[in-house]
Protein chains: 2
Amino acid sequence: MAQPTICPKFEKAISLLSQRWTALVVYQLLLGTQRFSEIQSAIGISGKVLSDRLKDLERQEIVKREVIPDTPVIIEYSLTEKGRSMEPILRTIENWSQDWFQSESEV
Amino acid sequence: MAQPTICPKFEKAISLLSQRWTALVVYQLLLGTQRFSEIQSAIGISGKVLSDRLKDLERQEIVKREVIPDTPVIIEYSLTEKGRSMEPILRTIENWSQDWFQSESEV
DNA sequence: TCACTAGATTACTTTATGTAACTAAGTTTA
DNA sequence: TAAACTTAGTTACATAAAGTAATCTAGTGA
């Protein structure tokens with residue numbers, strides 16, 4: 001399936017962003033470097049899926065994983081330049097959501 | 001799960017956009033009104049999933065379904081104002097994809 | 001030694017997506 | 001008049017992705 005009517009670069013970007021949790025993980029890391037459990041509790045993702053996503057995002061050079069040899073060892077996740085370059089996407093979605101969605105209390 | 005650390009409006013927008021095919025359907029409809037089979041062959045989505053997505057998008061008032069009483073009947077899909085308001089999101093993703101993804105031939 | 005923590009991984013269940021065949025209503029063809 | 005074709009779907013079934021909970025591995029600390 002998938003006729004090549006649509007630009008392949010755009011399709012790659014869309015398939016990345018339409019993977020559940022990807023956008024939220026990046027959004028969360030825009031706040032700064034964070035540890036596994038911080039991301040997990042901030043966005044409410046399961047450990048398994050967060051682990052999968054972080055590996056994907058690392059492979060795509062969007063997220064950087066750093067092992068800090070503290071005691072016990074600390075593992076920090078942060079955005080690469082490519083990751084930070086996604087900020088306008090998230091901000092545009094954020095603005096749109098404010099303009100067009102109602103909050104629970106208004107429904 | 002899903003602690004409410006993140007703005008619920010933003011979360012709604014993200015969960016809409018992270019549904020597979022949603023963004024591509026909207027992107028396709030930015031080109032103008034189209035029929036079921038046109039969307040289907042343009043983006044290479046299965047009839048079942050396209051049918052599901054169009055119903056979702058109609059329910060969210062992003063897509064408008066119109067029955068044209070021609071012979072045989074024609075069913076046209078187009079974007080509502082809310083749907084068209086998603087254009088900046090898609091354009092931002094498009095720009096980002098051009099800057100940060102390589103095409104197959106460059107890999 | 002036992003219990004605790006962070007960062008995962010594994011086994012299993014549920015949900016989403018994909019494939020292919022089928023349907024309904026009308027149309028053209030033979 | 002039936003056979004075949006078209007559009008816009010739907011249904012049944014198969015596969016893939018995501019969720020849940022238990023487990024693992026170092027490295028503490030008591």
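Please read these numbers as outputs of a predicted model, since none were measured by experiment. Residue numbers start from 1 in every chain, and the chains themselves are labelled A, B, ... in the order their sequence lines are given, proteins ahead of strands.
No chain of hydrophobic side-chain contacts below 4.5 Å, direct or via other Ile, Leu, Val, Met, Phe, Trp or Tyr residues, connects B:L29 to B:L31.
A:K55 and A:D52 are not joined by a salt bridge, as no carboxylate oxygen comes within less than 4.0 angstrom of a charged side-chain nitrogen.
Side chains of A:W100 and B:S85: a donor on one and an acceptor on the other come within 3.5 Å. In the model, B:Y77 has no side-chain atom that pairs as donor or acceptor with a side-chain atom of B:E58 under 3.5 Å. A:Q28 and A:Q34 form a side-chain donor-acceptor contact under 3.5 Å, judged by distance and modelled atom types alone.
Partner of B:F36 under the side-chain contact (heavy atoms from CB on, under 4.5 Å) criterion, out of B:I74, B:I75, B:L54: B:L54 alone.
Here D:dG9 presents its P atom at 8 Å from CG of B:L54, a figure rounded to the nearest Å. Look at CD1 on B:I45: it is 16 Å from P on C:dA20, rounded to the nearest Å. Between the CG atom of A:L50 and the P atom of D:dA17 there is a distance of 18 Å, rounded to whole Å. If you take CD1 of B:I68 and P of C:dG26, they are 17 Å apart, rounded to a whole angstrom. At whole-Å resolution of the value, CD1 in A:I74 and C1' in C:dA8 are 16 Å apart. The interatomic distance linking A:L24 (CG) with D:dG19 (P) rounds to 11 Å, in whole Å. Taking atom CZ of B:F36 as the reference point, atom P of D:dT6 lies 17 Å away to the nearest angstrom. Computed from coordinates, the A:E38 CD to C:dG7 C1' distance equals 13 Å when rounded to whole Å.
When the side-chain nitrogen and oxygen atoms of A:S46 are compared with OP1 and OP2 of D:dA18, none of them lie within a distance under 4.0 Å. Regarding contacts with the backbone of C:dA6, every side-chain N or O of A:Y77 stays at 4.0 angstrom or more from both OP1 and OP2. Dashed line: the shortest gap from a side-chain N or O of B:S37 to OP1 or OP2 of D:dA8 is under 4.0 Å. Under 4.0 angstrom from either OP1 or OP2 of D:dG9 there lies at least one side-chain N or O belonging to B:R65.
Taking the six-membered ring wherever Trp is involved, the centroid distance between the rings of B:Y27 and A:F10 falls below 6.0 Å.
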In the 5'-to-3' direction, what one-character label does each nucleotide of nucleotides 12-17 of chain C receive under the scheme B = base within less than 4.0 Å of a protein heavy atom, S = sugar-phosphate only, - = no such atom?
----SB
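For B:K55, taking side-chain heavy atoms from C-beta onward, the closest of the listed nucleotides D:dT10, C:dA8, D:dG9 is D:dT10.
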